[in-house]
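Residue numbers begin at 1 in each chain, while the letters A, B, ... track the order of the sequences.
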There are 2 protein chains.
Amino acid sequence: MNKEKPTIIKLEDIAKALRVSISTVSRSLSNSSRVKEATRKKVREKADELGYIPNQIAKSLISGKTGVIGVIIPRYDEAFFIEVCRGIDHYARKHNYRILISSSRNSSRFEKENIMVFEKGIVDGLIISLTHQTKSQTHLQSMANRGTPLVVFDNMNEKIEGAMHVRIDDYSAAYEAVQFLAQKKSVQTVGFIGGTILKSIFNKRYEGYKDSLLSSDFSLKEEFVFNCKSMHQVHEYHEIYNFLSKLNQFPNAFFCSTDSYALLCIKALSKLGKRVPEDIQVVGFGNLHYSRLFNTELTSVSQPSFKMGEKAAELLLSKIIKGAYLPSEKIDELILPTKLIIRNTTC
Amino acid sequence: MNKEKPTIIKLEDIAKALRVSISTVSRSLSNSSRVKEATRKKVREKADELGYIPNQIAKSLISGKTGVIGVIIPRYDEAFFIEVCRGIDHYARKHNYRILISSSRNSSRFEKENIMVFEKGIVDGLIISLTHQTKSQTHLQSMANRGTPLVVFDNMNEKIEGAMHVRIDDYSAAYEAVQFLAQKKSVQTVGFIGGTILKSIFNKRYEGYKDSLLSSDFSLKEEFVFNCKSMHQVHEYHEIYNFLSKLNQFPNAFFCSTDSYALLCIKALSKLGKRVPEDIQVVGFGNLHYSRLFNTELTSVSQPSFKMGEKAAELLLSKIIKGAYLPSEKIDELILPTKLIIRNTTC
DNA sequence: CTGTTAGCGCTTTCAA
DNA sequence: TTGAAAGCGCTAACAG
């Protein structure tokens, strides 16, 4: 049979076969200077012949580096996080790094568990988006204190000393999106659909919405504001449908704090016989790719998700490799620009 | 300031502080039997006090196990793969395992690179969905020969000896979905929209479509069959729109080999003034969650993505821990059931 | 240019 | 019940 013996080849095996020392083999394989060209060649050939694969674990034990960066996101099934991961992966791979992704499932308990696993030295640094549940950040803070490279992106609560933060200006982005709506003649009222206000980014988007309305001399009507409690798409739809169906009167537009809420809102509105954008305009937040699969393409605040991942990875690797996130030690956050993309759910 | 010295505590530090040997500390911490209860307690307290965190790398070097399983998917931005990852993660976490996700970006070169990284011993096993580009599987085969636990899911080309395969019956699933359409009085012709036929699953779905048509005494019209060449959503839309706009006559229904194609198809049809399902019915494949975000909910072949991940993880961990994928050595593949979910794009 | 030796942090015999 | 020592696979300082 084809039972190759599952022997794992190590330096010693090559050394023995060639009657040279292990160090010579090691040096040859790492292209080190001080080995005779002939020996080096001989070694490499033997290594190939035997199918030698270096043991990364042993290397890591010595170097203290694993070549892996940890990523913790609140959930897998949200396109924004996946886009960020793509960005991280894209940058990391160029620098010969891998990413270890974990989901905290929106639970601070799982989040902590994941952090603890990473702390055991299997990653060289960590990129994380905090869940709304995270109250105490002491774990992350002590990680940063211990000198572990740490980048927080998207949602965060308090700042963490010694960590870097990558985010957008949620407040202003929301403010401007609502301004865009408020400036239309056809718009007198704007509603809001968001997620739990415990999550700081959602809260900021709400604040932006609110202030934008007020600055336009619109009144903020509580009955047009809704925050989903559930974290599951099917339930979210029902919550939103319920909310809308109970409205006696509709606002002229809705600003939604994610694209997903916007799509669910449109779906519910259409179920209720309202046309988008003729009767009611809708603006989302995130500009995720799936919003393009839809018949009426969504107007949305574009957030540079992929870029956010790339930047987070860049900062982290800089800290890992060069010892500093940025040349200037003063800066501890990076704010990426957003842009309102106007498509067909507004007119 | 709060500059804790970033000293990393090791067993030796605890040993010194307590004037005991390193072995005693190690034993105490691993709850080993043969340590006096008092000593054990003393050690644990000291460890806590000093903030000791075990070095997983050192442990791995000894045990030969990392507690990590590698996952390679063709792309991040396809909901199916993410669902599978969720399933893998769900099972793995219950068993104290982590997952290291990489994307092959639909390139056999990247795929090979990723495999090579994993082979260096940073994972205890590998779960992979092959890209359509993969022609030579020798790399995976030799990995399996070497005894590395390996589970292939979704797309695969030839079987790999010593690996486990988890999949659905793409042919039959497509066959039945098309039967469902063909049996309608209103349907005389069914079109097909798919991806590259180089990908075996797409090819099987196409074959199922074809045979289903033929067995219903429908003719297979080449002009109603289209395979996207691009792997990018925006381009895919244009390809599909182009294809449809050139049609002189339309089929009564389209069977699409993914949900994403189905949604793009619906979008293009609507652009062309066709109503779904009144004028043309559409069936997708995958039943992914985002298909619920849309106004007209998609009829689709439900594929147990999450379950597929769980099963893949279960088999892999069984091989890692117990030495065998399944009690019976004979079985080398697991075929999961599919189901047609009828929603509003068919009538 | 090459070999010897001492670890990396931990577990695990083998002795005491 | 504890300690000393060997060693996981590799690198790197130190000799030759």
Side-chain angles (χ1 to χ4, degrees), chain A residues 6-44 46-47 50-68 117-124 146 148, chain B residues 6-44 46-47 50-68 117-124 146 148:
Chain A
T7 324
I8 286 174
I9 305 296
K10 36 189 184 173
L11 292 188
E12 195 188 351
D13 301 316
I14 303 177
K16 273 188 184 148
L18 257 35
R19 306 176 149 275
V20 294
S21 77
I22 295 183
S23 353
T24 300
V25 178
S26 170
R27 278 191 281 253
S28 304
L29 259 23
S30 61
N31 256 327
S32 158
S33 39
R34 310 176 340 239
V35 191
K36 208 187 349 178
E37 179 54 36
T39 330
R40 193 189 312 186
K41 185 153 174 265
K42 215 171 50 180
V43 170
R44 316 201 76 156
K46 198 62 173 181
L50 296 178
Y52 171 73
I53 298 171
N55 180 327
Q56 180 59 41
I57 300 295
K59 286 188 172 186
S60 295
L61 184 57
I62 294 171
S63 68
K65 296 260 176 287
T66 62
V68 177
V117 172
F118 287 152
E119 278 186 307
K120 294 178 197 285
I122 62 176
V123 299
D124 296 347
R146 219 176 298 116
T148 309
Chain B
T7 324
I8 286 175
I9 305 297
K10 36 189 185 170
L11 292 187
E12 194 188 351
D13 301 317
I14 303 176
K16 272 188 184 147
L18 257 35
R19 309 174 147 275
V20 293
S21 76
I22 295 183
S23 351
T24 300
V25 177
S26 169
R27 279 190 280 252
S28 304
L29 258 25
S30 61
N31 256 326
S32 156
S33 39
R34 307 178 344 241
V35 191
K36 208 186 350 177
E37 178 54 35
T39 330
R40 191 188 315 184
K41 184 154 174 266
K42 215 170 50 181
V43 170
R44 318 203 74 156
K46 199 64 176 179
L50 297 179
Y52 170 72
I53 298 171
N55 181 326
Q56 180 58 43
I57 300 295
K59 286 187 170 186
S60 295
L61 184 56
I62 295 170
S63 67
K65 295 259 176 289
T66 62
V68 176
V117 172
F118 285 154
E119 278 185 306
K120 293 176 197 285
I122 64 176
V123 299
D124 296 346
R146 220 176 299 115
T148 309

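Rounding to whole angstrom units, NZ of residue B:Lys41 and C1' of D:dT2 are separated by 20 Å. Taking atom CG of residue B:Leu61 and atom C1' of nucleotide D:dC10, one finds them 8 Å apart after rounding to whole Å. Rounded to whole Å, the distance from OH on A:Tyr52 to P on D:dC10 is 4 Å. Between the C1' atom of C:dT11 and the NZ atom of B:Lys10 lies a distance of 16 Å, rounded to the nearest Å. Atom C1' of nucleotide D:dG7 and atom CD of A:Glu12 are separated by 11 Å, given to the nearest angstrom. Across the protein-nucleic acid pair, A:Leu11 atom CG and D:dA12 atom C1' stand 13 Å apart, rounded to whole Å. The interatomic distance linking A:Ile22 (CD1) with C:dC1 (P) rounds to 22 Å, in whole Å. Across the protein-nucleic acid pair, A:Lys120 atom NZ and C:dC8 atom P stand 21 Å apart, rounded to whole Å.
Using a cut-off of 4.0 Å between Lys/Arg side-chain N and Asp/Glu carboxylate O, B:Lys16 and B:Glu12 are scored as salt-bridged.
Contact annotation: B:Thr24 does not reach the phosphate of D:dT2 (side-chain N/O to OP1 or OP2, under 4.0 Å). Phosphate proximity of C:dC10 to B:Lys59: absent, as no side-chain N or O sits under 4.0 Å from OP1 or OP2.
Checking C:dC10, C:dT12, D:dC10 against the side-chain heavy atoms of B:Arg27 singles out C:dT12 as nearest.
A:Thr66 and A:Ile122 get closest at one heavy-atom pair: OG1-O, 3.2 Å. When all heavy atoms of B:Glu119 and A:Ile53 are compared, the pair lying nearest together is O-CG2, 3.6 Å.
Within the 4.0 angstrom heavy-atom criterion, only backbone atoms of the sugar-phosphate kind lie near B:Thr39; the bases stay farther away. Counting any heavy atom pair closer than 4.0 Å across all strands shown, A:Ser63 reaches no nucleic acid atom.
Between the CG atom of B:Leu18 and the OG1 atom of B:Thr39 there is a distance of 9.0 Å, given to the nearest 0.5 Å. One distance of note links NZ of B:Lys46 with CG of B:Asp13; it measures 11.0 Å at 0.5 Å rounding.
Judged by distance alone with a 3.5 Å cut-off, no donor-acceptor contact links the side chain of A:Ser23 to the base of D:dT11.
Between A:Ile53 and B:Val35, the residue anchored nearer the 5' end of DNA chain D, judged by the nucleotide with its closest heavy atom, is B:Val35. Along DNA chain D, the nucleotide nearest B:Lys36 and the nucleotide nearest B:Ile62 are compared for position; the residue whose nucleotide lies closer to the 5' end is B:Lys36.
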